[in-house]
Amino acid sequence: MIKKFLVLILMLVLITTGCAPGESQNASGGNKSEGKDVKEISVIARSGTYYNTLSKVAPEFEKETGIKVNLQEVGRDGYLQKVSTQLLGESDSTDVVLMLNNYIGQFGEGGQFEPLNSYMKKSNFNLNHVIPAVAESVKYKNEVYAMPLDTSTHFLFYRKDLIPNPPKTWEEYKELAKKFTKTQNPDSPIEFGTTFQGKRGETQPKEWYQYFWAMGGELLDKDNKPTLNSDSGVEALKFVVDNLRKEKIVPPDSTTYEFPEVLSAFQNEKVAMAVEWNTAYPQLLDAKTSPKVSDKFAIADVPGGKPFIHTWTLAINSHSKRKDAAFKFISWLSSPAGAKKYALAGGFPPVPEVLQDPEAIKVHPEFPDLQRTLTMAKAEPTLPEWPRIHEFITDAISKALAGEKSPKEALDEANKSIYELLDSRGYYKK
């Protein structure tokens, strides 16, 4: 019954995000039976950094093991919903999926992800080499359900030619943003002080959490009761709404912004600062892709010192018929040696040994900053219901940004919906 209920929850998420089911990705052949003669596995990855980097390291795995990795690229928009739909369809054509860690509870409880403890024991493999918070984030009920691949967090990117000392609090951040917004200061050389990843969906709440946490908020209390509509929650949501609607220190179309739009705004000198994913750093440093700012920017910790973290993981489809070969691939990539290869190809593995490696730092000068940020970052809970809860939160933020509801009204509504969902699942024993 629990698994059926989780499937219904996830299908509701897919409907509310407008994803049309049935858009499956098919493997191009390969031995369907498990055994030593398996020569190919099929892996789904999101287009962009993850697909590109995996494409570079997969041939090295094949050279070492004789197992070819058939990578299938799925676009950024709607990626999680498309892959979720395929997993729920119980197809065995895909062996490994790239998935965010906050879906592990959902698919671990629902039975779509293969539990990995037995595979790890058999091969004497562990995650002791991984940043502890990341190693915990791939577990559900003490079972490992995925291997950590690439960890993302936020930096504060700022124009060092304009801002000698980056802000350390959100109040300083706002005042500095006003200084570099033309409507607030006609002498500003930049149109807007900052921006916000306000597009409804995957990223929007994850930037907002950092304001919320810094202002003293928590998503759930010790009894798993939601506390979004606390004074801290209302203050944090009012902060971002006022930045858009009252202070106008962010572009008016910020409600359509995610990673690419924020990156473009900074690259094109539209904004003086941006809270942006760490993966933007190499692109901004490259004079070919960012000729206007490659030598004019620096990074700092996000104001308030409460950065967000999530991890892109590799999980095995429980309906795969090539699970041993699939585990070889995902554990190879998560090992220190595989993680270094991944880093040298452009990735961001959560492995301190790699983040401190001089060769890797030559490719990623920001790795020391990344390691420091990861050690103090916070993640979303791993409740099976979290994908649905995420929908309630992004709905509240979107309504407040649009002016449809006040921050208090929007968060009251979300808090009520989350409480009712968790109550229906038996979290609050009477």
Side-chain angles (χ1 to χ4, degrees), residues 1-17 80-81 84 87-88 99-113 115 117 133-146 201-202 204-206 208-210 212-213 215-234 236-237 306 308-311 313 315 318 377-399 407-430:
M1 285 298 293
I2 291 176
K3 290 184 178 181
K4 289 181 179 179
F5 193 87
L6 287 168
V7 169
L8 289 173
I9 289 176
L10 186 52
M11 289 307 296
L12 181 57
V13 172
L14 299 179
I15 291 169
T16 57
T17 52
L80 293 171
Q81 289 76 28
S84 298
L87 287 168
L88 291 170
M99 184 61 69
L100 275 172
N101 68 283
N102 56 304
Y103 277 68
I104 286 173
Q106 174 85 60
F107 291 124
E109 183 71 47
Q112 289 81 32
F113 282 173
N117 283 13
V134 174
E136 285 300 311
S137 77
V138 296
K139 295 178 183 178
Y140 175 65
K141 292 184 176 178
N142 295 317
E143 182 84 42
V144 175
Y145 278 96
E202 175 195 326
Q204 179 208 67
K206 296 174 181 181
W208 178 74
Y209 295 151
Q210 296 168 111
F212 179 50
W213 289 331
M215 294 176 187
E218 291 294 340
L219 296 166
L220 303 171
D221 68 13
K222 61 181 179 60
D223 298 316
N224 280 324
K225 293 180 180 178
T227 54
L228 292 168
N229 62 344
S230 64
D231 290 344
S232 297
V234 174
L237 188 51
K306 300 289 185 181
F308 172 82
I309 182 177
H310 71 199
T311 303
T313 71
S318 63
K378 297 181 64 170
E380 293 165 300
T382 57
L383 301 180
E385 298 80 8
W386 197 259
R388 181 62 182 139
I389 291 171
H390 182 278
E391 280 296 304
F392 292 136
I393 297 172
T394 193
D395 187 53
I397 297 171
S398 297
K399 287 178 178 177
K408 178 75 164 60
E409 291 170 338
L411 291 175
D412 281 345
E413 181 179 72
N415 217 73
K416 182 174 183 291
S417 296
I418 296 167
Y419 180 90
E420 290 175 348
L421 171 64
L422 295 179
D423 188 35
S424 72
R425 295 298 318 286
Y427 279 78
Y428 313 128
K429 302 297 183 184
K430 298 295 193 280

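Only this structure's heavy atoms are used, side chains among them; waters, hydrogens and symmetry mates stay out. Quantities reported herein were computed from a predicted structural model and do not represent experimental measurements.
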Inter-residue atom distance I104.CD1 - L383.CG, 0.5 Å rounding: 13.0 Å
statement: The reported gap from OG1 in T311 to CG in L100 (rounded to nearest 0.5 angstrom) is 8.5 Å
field: D412 vs K408, salt bridge (Lys or Arg N to Asp or Glu O under 4.0 Å): CA-CA, chis, key distance, verdict
entry: CA-CA 6 Å; D412 281 345; K408 178 75 164 60; 2.8 Å; yes
message: If the condition is side-chain contact (heavy atoms from CB on, under 4.5 Å), which residues does S417 pass it with, not counting sequence neighbours?
response: F392
message: If you compare all heavy atoms of P381 against all heavy atoms of L219, which two are closest, and at what distance to 0.1 Å?
response: CD-CD1, 4.0 Å
- prompt: Closest approach of G201 and H390, non-hydrogen atoms and distance?
  reply: O-CE1, 2.9 Å
- prompt: Do any N or O atoms from the side chain of S230 and from the backbone of G233 form a donor-acceptor pair under 3.5 angstrom?
  reply: yes
- prompt: With a 4.0 Å cut-off, would you call K378 and E218 a salt bridge?
  reply: yes
Short N-O contact, K139 and E143, less than 4.0 angstrom: no
- prompt: If every non-hydrogen atom of L421 is compared with every non-hydrogen atom of I389, which pair is closest and at what distance?
  reply: CD2-CG1, 4.0 Å
message: Between N101 and T382 (side chain of the first, backbone of the second, donor and acceptor by atom type, cut-off under 3.5 Å), is there such a pair?
response: no
Inter-residue atom distance Q210.CD - I309.CD1, 0.5 Å rounding: 11.0 Å
Spatial distance of atom OG (S318) from atom CZ (F113) [nearest 0.5 Å]: 9.0 Å
- prompt: Which distance, rounded to the nearest 0.5 Å, do you find between the OH of Y145 and the NZ of K141?
  reply: 8.0 Å
- line: Heavy atoms of N415 and P226 approach each other most closely as ND2-O, 3.1 Å
- prompt: Between the side chains of T394 and Q204, is a donor N or O closer than 3.5 angstrom to an acceptor N or O?
  reply: yes
message: Could you report the tightest heavy-atom contact between P205 and I393, atom names first, then the distance?
response: CB-CG2, 3.9 Å
query: Does Q112 reach the main-chain N or O of L88 with its side chain, forming a donor-acceptor pair under 3.5 Å?
result: no
query: So F308 and H310, would you call those rings parallel, tilted or perpendicular, with 30° and 60° as cut-offs?
result: perpendicular
field: Atom CG of N117: over 12 foreign heavy atoms under 6.0 Å
entry: yes
message: Nearest 0.5 angstrom please: D423 CG to R425 CZ, how far?
response: 11.5 Å
task: Looking only at non-hydrogen atoms, find the nearest pair between Y427 and P384 and report the distance.
output: OH-CD, 3.8 Å
- prompt: Is a side-chain N or O of D223 found less than 3.5 angstrom from the main chain of K225, in a donor-acceptor match?
  reply: no
query: Mind checking whether Y419 and Y428 have ring centres under 6.0 Å apart?
result: yes
query: If you measure from the Lys or Arg side-chain nitrogens to the Asp or Glu carboxylate oxygens, is any gap between D395 and K399 under 4.0 Å?
result: yes
message: Whether the side chain of N102 engages the backbone of E380 through a donor-acceptor N/O pair (distance < 3.5 Å, no angle test) should be reported.
response: no
